[in-house]
Amino acid sequence: MGTLDGKVACVTGGTRGIGLAVARAFLAEGAKVVINGRDPVKGQKSIDDLNAGGRVHFIAGDVTKREDCEAIVNGTVAKFGRIDILVPNAGGGGDPGPVVDMTDEAMEVPMVWNFWHTFWTMRAALKHMIPQGSGRIMAMSSVEGKMGKPMVSGYVASKHAINGLVKSTAQEVGTMGITVNALCPGAIETDVMMAQGPGAAQAMGLTYEGLLDLFAQESAIKRINECEDVALVAVLLASDAGAGITGSMISIDGGTSPY
Amino acid sequence: MGKLDGKIACITGGTRSIGRAMADAFLAEGATVVVNGRDAAKGQICLDEMNAGARAAFFAGDSSKQSVVEGLIDFTIEKFGRLDICCLNSGGVLNTAPIAQMSDEEWNLEIDWNLNHVFWGMRRALQHMIPRESGRIIVTSSVEGKLGKPGIPGYVATKHAVNGLVKSAAQEVGTLGITVNAILPGIIETDIVRDTGPASAVAMGLGTYENLIAAFCSESAIKRPNKVEEVAAVAVMMASDAARNMTGCLFPVDGGSLSY
């Protein structure tokens, strides 16, 4: 018997990295899970990897598009009859660089990918959760939702914005059996990090290894985090025991953030 | 198979309320638990209720005393061979008052009970855990560790202080396989809150116990007090091997009362 038996979850960006680890942990606790990603080939590979039969389903979609965000949430309800848990997890950065020379697009990319996608999926999910009087939303923020680093202002701003959205939404639905929290992981070597880290590092005057080491040295554990660290907290918040935890920005950063 | 199979835990203030919920949850996950409390009779009732045989023990004493806090840790190690999880949980106020009316006796009691007890316990536990390069320290802080309220200055100051202590300790032992975290519950109707809440309500200018509970609830998003089981679930997670990368964390269980 799992702590999420019978629950239906939707994880954006669920084919790799943190999202895949969260999906795997939810499945292990008995939930049904929809994972999303852009690429149906990668989606099928992840479905095979998760090996959970009819309890896992892939919905292709680009979370930087509102229609896709809404289709992912509504598709979850269409497939499994309801949505109990939403994890808007997909995200990443734009072209790194200093604010003074930044293009509008470099700011827009992370704001849409991280913040607007979280808003679009959250809004769509609340339309189902409010009438059913229950739900759990765990938005993927970051240690950069609490702190700041140079050259990645778009990422930092979008993650701070997610934290603000979480706090307001938690107050709106706090008496309706719905909790809304932000997960704030430290650096994790996901596919997105491996793809975008080198560019961000270069803008900061570091090597990729130097960037990961910078994150590690800022922590108490002196190593970067792992996807499973995030999944552990996601399962707790999704469970019945998480009913009294809302509006929180949970640090999963090995002791980096001071608050 | 439990998440804490074979682990040895001790809990200050473990016979009732939050500490007791932690003890019950740890036992359910396979741990061995030593609970502490002032009253030997309550300790026996607690052991009877937990019904965990040789996996549970009671250590009598007042956790605002250094000898008792250190004694609990030494007793646990002596009886069960080691200490994996140290929960520094007890605390509260007795006759709180606004600063202008605060007595030295009350102030010193709150410093000893809420802050020094955590330091004494943490120091003793770390002396044991550092050579073993393994351990979990879980401190019961409070939303008042981040916020302030009138009439409970000692409680607010000591809970802020333990949050600082947790952050420093986490940095000191972060590479030694030891995590140090705080849980920050919102208002919970524990025995201690029921006992001292009426006096605190007067000191805070709220009049009655009911008004005090209502005032805390109104500041939350869920508009209800929290539950001891909600705190215990977080403690189990922090105590588990899987949480090896969570440290220095101030984890709110407050129904959305804190803004940071």
Side-chain angles (χ1 to χ4, degrees), chain A residues 3 25 143 145-146 163-164 166-181 184-186 188 216-237 239-259, chain B residues 3 21 25 145-146 163-164 166-181 183-186 188 217 219-238 240-260:
Chain A
T3 58
V143 65
K146 296 184 171 187
N163 286 356
V166 160
K167 285 188 260 187
S168 281
T169 312
Q171 297 287 334
E172 289 179 4
V173 298
T175 59
M176 301 177 190
I178 303 166
T179 70
V180 188
N181 291 286
C184 302
I188 298 178
Q217 291 309 315
E218 285 176 344
S219 76
I221 58 176
K222 308 301 177 197
R223 59 179 182 269
I224 60 171
N225 280 94
E226 294 164 24
C227 296
E228 290 71 21
D229 302 344
V230 184
L232 181 72
V233 178
V235 166
L236 174 86
L237 294 179
S239 73
D240 288 342
I245 302 169
T246 193
S248 289
M249 302 165 292
I250 309 292
S251 293
I252 310 162
D253 63 3
T256 302
S257 170
Y259 73 98
Chain B
K3 292 172 187 155
K146 288 188 168 183
N163 286 355
V166 161
K167 284 188 263 187
S168 282
Q171 297 286 337
E172 288 183 7
V173 299
T175 60
L176 303 178
I178 303 165
T179 71
V180 187
N181 293 291
I183 304 176
L184 282 54
I188 297 182
C217 290
E219 289 177 359
S220 75
I222 59 176
K223 309 298 178 197
R224 63 160 171 87
N226 278 94
K227 298 175 183 170
V228 293
E229 294 79 11
E230 295 165 352
V231 180
V234 175
V236 166
M237 182 192 70
M238 286 174 170
S240 71
D241 287 339
R244 67 192 175 282
N245 290 333
M246 173 175 274
T247 193
C249 182
L250 311 180
F251 201 120
V253 183
D254 68 349
S257 302
L258 290 167
S259 58
Y260 76 101

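In what follows, chains carry the letters A, B, and so on, assigned in the order in which the sequence lines appear, proteins first and then strands, with residues in each chain numbered from 1. Note that the structure is a prediction, hence the values are computed from the model and not measured.
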Just grab all the salt bridge (charged side-chain N to carboxylate O under 4.0 Å, His left out) pairs involving residues 222-231 of chain A, residues at least two apart or on different chains.
-> A:E226-B:R244
Residue, of A:A241, A:A220, A:G247, that accumulates the most heavy atom pairs under 4.5 Å with chain B | A:A220
What part of A:L236 lies closer than 4.5 angstrom to a heavy atom of chain B: side chain, backbone, both or neither?
-> side chain
Using atom types as modelled and distance alone, determine if a side-chain donor or acceptor of B:N226 lies under 3.5 Å from a backbone N or O of A:G244.
-> yes
Among B:L258, B:V234, B:L250, the residue with the most heavy-atom pairs under 4.5 Å to chain A is B:V234
Toward chain A, the part of B:Y260 with a non-hydrogen atom under 4.5 Å | both
When the 4.5 angstrom heavy-atom criterion is applied to B:T179 and chain A, the contacting part is neither
Applying a strict 4.5 Å limit to non-hydrogen atoms, the region of B:K227 in contact with chain A is neither
Heavy atoms only, distances under 4.5 angstrom: which of A:T175, A:T179, A:V173 has the most pairs with chain B? Name it, please.
-> A:T175
Most chain B-contacting option - heavy-atom pairs closer than 4.5 Å, from A:S257, A:A231, A:G254, A:G186 = A:G254
Between A:I221 and chain B, which part of the residue has a heavy atom less than 4.5 Å away: side chain, backbone, both or neither?
-> both
Segment of B:A232 engaging chain A (4.5 angstrom heavy-atom cut-off) = neither
Select one option (side chain, backbone, both, neither) describing which atoms of A:S219 are under 4.5 Å from chain B's heavy atoms.
-> backbone
B:E230 (side chain) donor-acceptor with A:A243 (main chain) under 3.5 angstrom = no
Interatomic distance, CG@B:N245 vs CG@A:N225, rounded to 0.5 Å, equals 5.0 Å
Where does A:V180 contact chain B at under 4.5 Å (heavy atoms): side chain, backbone, both or neither?
-> neither
Most contacts with chain A, counted as non-hydrogen pairs under 4.5 angstrom, among B:G255, B:S240, B:G248, B:G177 | B:G255
Can you say whether B:I222 sits under 4.5 Å from chain A via the side chain, the backbone, both, or neither, judging by heavy atoms?
-> both
Check step by step if side-chain contact (heavy atoms from CB on, under 4.5 Å) holds for A:T246 and B:S220.
-> CA-CA 9 Å; A:T246 193; B:S220 75; over 6 Å; no
Among A:D240, A:N163, A:N181, A:V233, the residue with the most heavy-atom pairs under 4.5 Å to chain B is A:V233
